[in-house]
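Atoms within each ligand, like the ligands themselves, are counted from 1 in listed order.
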Amino acid sequence: MRKYKDCSLQAFVLLVISFAVGCAQNKPRQRPSPKPNEFSSAQQVFQPKWTPHAVRAPHAMVVSDEALASQAGIEILKKGGNAVDAAVAVGFALAVVEPAAGNIGGGGFMLIHLANGQSKFIDYREEAPLKATRNMYLDKNGNIIPGASTLGYLSIGVPGTVAGLSLAAKDFGKLTLAEDMAPAIRLAKDGFTVSPYLARSFHAAKRLGDFPESKKIFLKNGAFYSAGDTFKQPLLASTLESIAKDGPQAFYRGQIAKDLTAQMARHSGLITMQDLADYQVKIRRPLTRAYSARGARWTIITSPPPSSGGVAILEMLNILQPYHLTSWNDPKSVHLVIEAMRRAFADRAAYLGDSDFTHVPIRGLLNPRYAAERRASIDPTKATPSSQIGAGNPAPFDQLRGALAPPIQKLNTEEAEALLANESQHTHTTHFSVVDAQGNAVSNTYTLNDLYGSGVTTPDGFLLNDEMDDFTSAPGKPNMFGLLQSAANAIAPGHRPLSSMVPTIVLRDGKLSLVTGSPGGPRIISATFLDILNWAWLGMGAQQSDNAPRFHQQWMPDLVFVEPTFPSAVEQQLEQDGYKFAPRRMWIGNVEAVAIDPKTGERLGTPDARRGGVARGY
Ligand code: DON
């Protein structure tokens, strides 16, 4: 694999970034003293090793959080698999080597863009079990029971990953599921060397200690694994082997399902054999809109509900359409983007949910005239307080007429700020991108939701999600990401919780240009959005787009979150314009992306240094 200079400008940008980091480090509020044994503290000391250059390869590229997973993708491509086969291989491999986020007990979204121009969105999001009820996380006074939706058996949604990856392989791959799964099975059986990153992550995973199966697997005779140890997962290996042999029915109807549901029954969990047997992957039409910028036509192919991310990204692009954004060193450009974020997140809170069961006014929200209305409320010179910006009223632009706009929700800002501050550094979702030699592309984000999900490991050696927290436990109460949501996202049997995950693919003048996405709770939307703006609107180089300082505003709490590399001068200017910044800086998202060099067609793998991602190409 060869590395070339991505763009000479990048060296300069890196210098600027290093300088910004230097400045940022002088600011006392950015580095509170770490509490021992907390993952968040381990993450605070994590210093990304920035690389200025994308990894270039003439044919194919796989970018993921883990070298072993990226390598699994390449192995499958070289065996004759296409991008979908490689993505399936990476998905199963991450379930072995990145257990905090990679999974077979969670769910996610896969966006496929085929070289023939077709795009498919595979929704394998978890579902609420049939026994789930709207107020299941509330006590008799209507208050949320702490931890009920985020830890243990009651927090688990019906997993979709095995069904999703299997369907992707069957419908869009060239190899068999067993062939795609071979690298993962090998990694689980033979073991792999624990990286410093994984060792830190185990240390942080306090919730694993509460569950005997988790303890048995993720601790080494009661002690933490250290970097350099070999980590083998024989139970997981045999689970993967039965899936490879018998297909997804092994998981949804066979012994794995029986073991999982027996465990649920023992611990008052809700998932039954019927829930598993009923689980269906949904193939949806992606959301697609085209925009002009820098003399090119950019088509954004992105995620529909139950992702909120695609609607938010397109709404923000619509709002920003008439403006000329220059760079993130320009307070005016940052101001406009923050105001677009604020409005899109306010609409997210009010209108987004599982569109199979609730009317999501996508057409209205994405109507250019609706964007013009939202834009008209932006003050060109100063911040608009979130308390003055509720959801807009897309009804006149939607097929549904009538009063859709709900009142501004109340928010206990302190509670939301505290939740966000704690959650912010966690790393429990993972995104990967693949492009093959034919030009097929896959953008996949999947998750257990919280770090190591619910903390529960099944007797068959895999962790289960706590995705139920993504539903609205109670309108007006923030979830673990400080997100407010409405009755549109209420808990009901068979419904899918609203997600921020937003795998996205961008075409330039009709040709594949960028495959992107991110983890990070609500910051997923901002990180992915900024990657698109950096690459397509601002014309940054591929790696520069990934490295550039990120910022995030989610309407409520009314705070701007910025990275340690965000220019301090811009922050100061924006403070004068009425913005309030989060009490400490944080890394935002982790974009493992692939771009295409428009001149040479080369694949540009851009691993995200924030989590130490790895690009492999040939
Ligand atoms: O689907 C969602 O929006 C969340 N469950 C994602 C969680 C997440 O990204 C956590 N962290 N990195």
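- Atom numbering of ligand 1 starts at 1 in the shown order; those under 4.0 Å from a heavy atom of His428 are 10 (C), 11 (N), 12 (N).
- Remark: Asp275 does not engage Lys131 in a salt bridge, criterion side-chain N to carboxylate O under 4.0 Å.
- If you number the atoms of ligand 1 from 1 as listed, the ones under 4.0 Å from a heavy atom of Asn449 come out as 4 (C), 5 (N), 7 (C), 10 (C).
- Listed by number with element, the atoms of ligand 1 under 4.0 angstrom from any heavy atom of Ser500 are 1 (O), 2 (C), 3 (O).
- A salt bridge links Asp450 with Arg207: the closest approach of a Lys/Arg side-chain nitrogen to an acidic carboxylate oxygen falls below 4.0 angstrom.
- The distance criterion of under 3.5 Å between nitrogen or oxygen atoms is not met by Pro519 with respect to ligand 1.
- The part of Asp470 lying near ligand 1 is the side chain, judged by heavy-atom distances below 4.0 Å.
- Taking both residues in full, the closest heavy atoms of Arg374 and Ala346 are given as NH2-CB, 4.0 Å, listed atom of the first, atom of the second, then distance.
- For ligand 1, the atoms closer than 4.0 angstrom to any heavy atom of Glu467 are 1 (O), 4 (C), 5 (N).
- When heavy-atom distances to ligand 1 are checked against a 4.0 Å cut-off, Arg125 comes that close only through its side chain, counted from C-beta outward.
- Between Phe551 and Trp328, the ring centre distance stays below 6.0 Å.
- For ligand 1, the atoms lying closer than 4.0 Å to a non-hydrogen atom of Met501 are 1 (O), 3 (O).
- Phe121 and Pro503 get closest at one heavy-atom pair: CE1-CG, 4.4 Å.
- Atoms of ligand 1 lying under 4.0 Å from at least one heavy atom of Gly521, given by number and element, are 8 (C), 9 (O), 10 (C), 11 (N).
- For Tyr197 and Phe202, the ring centers are positioned 6.0 Å apart or more.
- At a 3.5 angstrom cut-off on N or O pairs, Thr447 does not count as close to ligand 1.
- On a distance-only criterion, Leu498 and ligand 1 share no N/O pair closer than 3.5 Å.
- By the criterion of a heavy-atom distance under 4.0 Å, neither the backbone nor the side chain of Asp450 is placed next to ligand 1.
- A donor-acceptor pair under 3.5 Å links the side-chain atoms of Asn534 to the main chain of Ser545, judged by distance alone.
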- Quick one: do Asn590 and Thr429 satisfy side chain to side chain contact (heavy atoms under 4.5 Å, CB included)? Show the steps, please. CA-CA 9 Å; Asn590 194 65; Thr429 296; over 6 Å; no

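- Comment: Arg342 engages Asp558 in a salt bridge, judged by a side-chain N to carboxylate O separation of less than 4.0 angstrom.
- The ligand atoms of ligand 1 that sit less than 4.0 angstrom from a heavy atom of Ile524 are 9 (O).
- With Thr445, Leu448, Thr429 as candidates, the residue nearest to atom 9 (O) of ligand 1 on a non-hydrogen basis is Thr429.
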